[in-house]
Peer 1: 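Before we start, here is the structure in question, set down as structure tokens.
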Number of protein chains: 2
Amino acid sequence: MTGRRADLLHDKIEDLILTGELVPGERLDEVSLATRFGVSRTPIREALMQLAASGLIDLRPRRGAIVAEIGPKRMVEMFEVMAELEAICARLAARRATESDEAQICAHHQACAAAAAASDEDAYYYENEAFHEAIDAAAHQEFLSDQTRALRRRLKPYRRLQLRARGRVQNSFDEHEAVVRAILAHDAEAAAEAMRAHIVVQGERFTDLLASLETPRGARAR
Amino acid sequence: MTGRRADLLHDKIEDLILTGELVPGERLDEVSLATRFGVSRTPIREALMQLAASGLIDLRPRRGAIVAEIGPKRMVEMFEVMAELEAICARLAARRATESDEAQICAHHQACAAAAAASDEDAYYYENEAFHEAIDAAAHQEFLSDQTRALRRRLKPYRRLQLRARGRVQNSFDEHEAVVRAILAHDAEAAAEAMRAHIVVQGERFTDLLASLETPRGARAR
DNA sequence: ATACAAATTCTTGTATACAACTTTATTGAC
DNA sequence: GTCAATAAAGTTGTATACAAGAATTTGTAT
């Protein structure tokens, strides 16, 4: 235990946002949150500042915090950058993975296979994350891993959403297969390209999803 | 004016670190800083948390903050990631730059030329930054620009340091020239490669510098 | 003199009180 | 009835007080 309530609050508020209980654009009132969690405003403010730093909320001076509204444009951009970062990880992993790294990657890949076979989306989602983290680790570039992890975390809810799309799990697994093969063959460029394609597809699927949902602006009348 | 003292304090403390007045490993006492700047601990704490989010300081629960000690390994890693990000910017800029973007890039490039000719390192440093930001803008990828800018900001002091190395300004300018040519020719891969090389060289020069300085650990006896 | 233990001091984390600013509601004029 | 000005309410930013956990010092035993 860290002894800091603010850190726990950070996670709790983050959950509220990621689960959709707090929707983009919604105001985050400090006293409401404080009473809700049974603490004073001080740790709440600290948690909010951390969330603002990670981009999940917008903090407007003297005007409080709102859940960040990430427009489709920015979302696509984030997936693009994510694709580049993960591609770099894959490229490095192909060059520098140890046997133990490769074993880890294969293990998680196999776990993905099992989840896909069972059509267990939640399990696949979880193992997918572990698979990507294993590749990050194999790149042996800590700072790159940190940056990649941070962005992956931010895109988490959206990735989860788009895994629900028809046939996406099987496709995702096939794409993983290509990545794994390239890494085991120590083919850096192929690994990078396979990984980039894998993430880019996710971004595209996500924009498809957005287009199909496309909520009319300002639905809330007054 | 923002009305938030914490924001100003953030910049002031940052300055203390970047100018070297506060050295890596040094403890940042909240009350000392508070009395120093004539405010209470509250805004100081907020500033410290912001600085921690940007990685400039380490915040250890219940044990206070220290100026982040960025080891040579991590520093090299940061330059590597920076090289990749800037390379992506250059690639996109080669593809998507408008005439106005190109004019901006050329203008700053020329200003660099003037500074280099005058051997004015400080002016060159300033214009160099503007040059890179112009390329970021030409990529038309806001999120990528944000990430790149954030990392550039973090590497700022180290870049400045290494510009002082003999002949580095002229070399830097020559490398810029290659980047500009590739962008104007809309040769995306050449632009990416030229930019990557440009940044990687900086990282190498920096590690050279580190090796030559190499301070013995724990110089402060007790 | 050294090592360990207990107690004191110091520092951080949280709560509360107050001040400054924003927003909303009310009142009045047109 | 609409709009503007003004007053009231509510929210954020800052200061201060208090609680709890580290670090340091002091005392004792070996």
Side-chain angles (χ1 to χ4, degrees), chain A residues 1-17 21-69 218 220-222, chain B residues 1-17 21-69 218 220-222:
Chain A
M1 195 78 63
T2 168
R4 288 184 48 124
R5 289 186 236 223
D7 293 340
L8 297 178
L9 289 168
H10 168 95
D11 294 348
K12 285 186 182 175
I13 297 172
E14 187 179 61
D15 276 353
L16 291 182
I17 296 172
E21 188 161 341
L22 295 172
V23 300
E26 188 165 346
R27 266 187 96 252
L28 294 163
D29 184 53
E30 293 179 3
V31 294
S32 309
L33 290 169
T35 56
R36 174 173 198 160
F37 292 112
V39 298
S40 81
R41 278 176 54 217
T42 309
I44 293 286
R45 279 178 68 82
E46 297 203 352
L48 290 181
M49 289 180 51
Q50 288 172 239
L51 289 167
S54 72
L56 213 63
I57 68 175
D58 276 352
L59 216 48
R60 305 158 305 171
R62 293 257 180 220
R63 305 192 49 206
I66 59 172
V67 179
E69 308 202 52
R220 192 180 68 103
R222 216 251 132 173
Chain B
M1 199 73 66
T2 168
R4 287 184 47 124
R5 290 187 236 220
D7 294 341
L8 297 179
L9 290 168
H10 169 94
D11 294 348
K12 286 186 181 174
I13 298 172
E14 187 180 61
D15 276 353
L16 290 182
I17 296 171
E21 189 160 340
L22 295 173
V23 300
E26 188 165 345
R27 265 187 96 257
L28 294 163
D29 185 52
E30 294 178 3
V31 294
S32 310
L33 291 169
T35 56
R36 175 173 197 160
F37 293 112
V39 298
S40 82
R41 277 175 56 218
T42 310
I44 293 286
R45 278 177 68 81
E46 298 204 350
L48 290 181
M49 289 181 52
Q50 289 174 239
L51 289 167
S54 73
L56 213 63
I57 68 175
D58 275 353
L59 217 47
R60 305 157 307 172
R62 292 250 179 226
R63 304 192 50 207
I66 60 171
V67 179
E69 307 202 53
R220 192 179 70 103
R222 215 254 125 164

Peer 1: Walk me through whether A/F37 and A/L8 qualify under side chain to side chain contact (heavy atoms under 4.5 Å, CB included).
Peer 2: CA-CA 10 Å; A/F37 292 112; A/L8 297 178; over 6 Å; no
Peer 1: So if I define the base as every atom that isn't primed, P, OP1 or OP2, how would nucleotides 15-22 of chain C read as a B/S/- string at a heavy-atom cutoff under 4.0 Å?
Peer 2: BBB---SS
Peer 1: Using atom CD of B/E46 as one end and atom C1' of D/dT14 as the other, report the distance to the nearest whole Å.
Peer 2: 9 Å
Peer 1: Nearest heavy-atom pair of B/P24 and B/A68: which atoms, and what distance?
Peer 2: CB-O, 3.6 Å
Peer 1: With respect to A/L48, which candidate in A/E30, A/H10, A/R41 satisfies the side-chain contact (heavy atoms from CB on, under 4.5 Å) definition?
Peer 2: A/E30
Peer 1: In whole angstrom, give the distance that lies between atom CG of A/D7 and atom P of C/dT14.
Peer 2: 8 Å
Peer 1: Would you kindly give the CZ-to-C1' distance between B/R60 and D/dA22, to the nearest whole Å?
Peer 2: 11 Å
Peer 1: Whole angstroms only, please: what is the CD1-P distance between A/I44 and C/dG13?
Peer 2: 16 Å
Peer 1: With axes from five pairs an end, tell me the bend angle of the helix from C/dA1-D/dT30 to C/dC30-D/dG1, nearest 10°.
Peer 2: 0°
Peer 1: Which residues satisfy the salt bridge (Lys or Arg N to Asp or Glu O under 4.0 Å) test with B/E46, sequence neighbours excluded?
Peer 2: A/R45, B/R4
Peer 1: Measure from CE on B/M49 to P on D/dT14 and round the result to the nearest Å.
Peer 2: 14 Å
Peer 1: Return the CG to CG distance between B/L9 and B/L33, rounded to the nearest 0.5 Å.
Peer 2: 9.0 Å
Peer 1: Rounded to whole angstroms, how far apart are CG on A/L8 and C1' on C/dG13?
Peer 2: 13 Å
Peer 1: To check you understand the geometry: which heavy-atom pair defines the closest contact between A/A47 and A/A6, and what is its length?
Peer 2: CB-O, 3.7 Å
Peer 1: In residues 23-33 of chain A, which residues come under 4.0 Å of DNA chain C by heavy atom?
Peer 2: none
Peer 1: Return the set of residues passing side chain to side chain contact (heavy atoms under 4.5 Å, CB included) with B/R27 (not counting sequence neighbours), or none when no residue passes.
Peer 2: B/R60, B/I66
Peer 1: Calculate, to the nearest 0.5 Å, the distance between atoms CD1 and CG belonging to A/I57 and A/L22 respectively.
Peer 2: 10.0 Å
Peer 1: Less than 4.5 Å apart, side chain to side chain, heavy atoms only: is that true for B/V67 and B/L28?
Peer 2: yes
Peer 1: Could you state the atom-to-atom distance from CG of B/L9 to P of D/dG13 in whole Å?
Peer 2: 14 Å
Peer 1: Please give me the minimum heavy-atom distance between B/S40 and B/I44, naming the atom from each residue.
Peer 2: O-CG1, 3.5 Å
Peer 1: Going by salt bridge (Lys or Arg N to Asp or Glu O under 4.0 Å), name the residues that satisfy it together with B/R36, two or more places apart in sequence or in a different chain.
Peer 2: B/E21
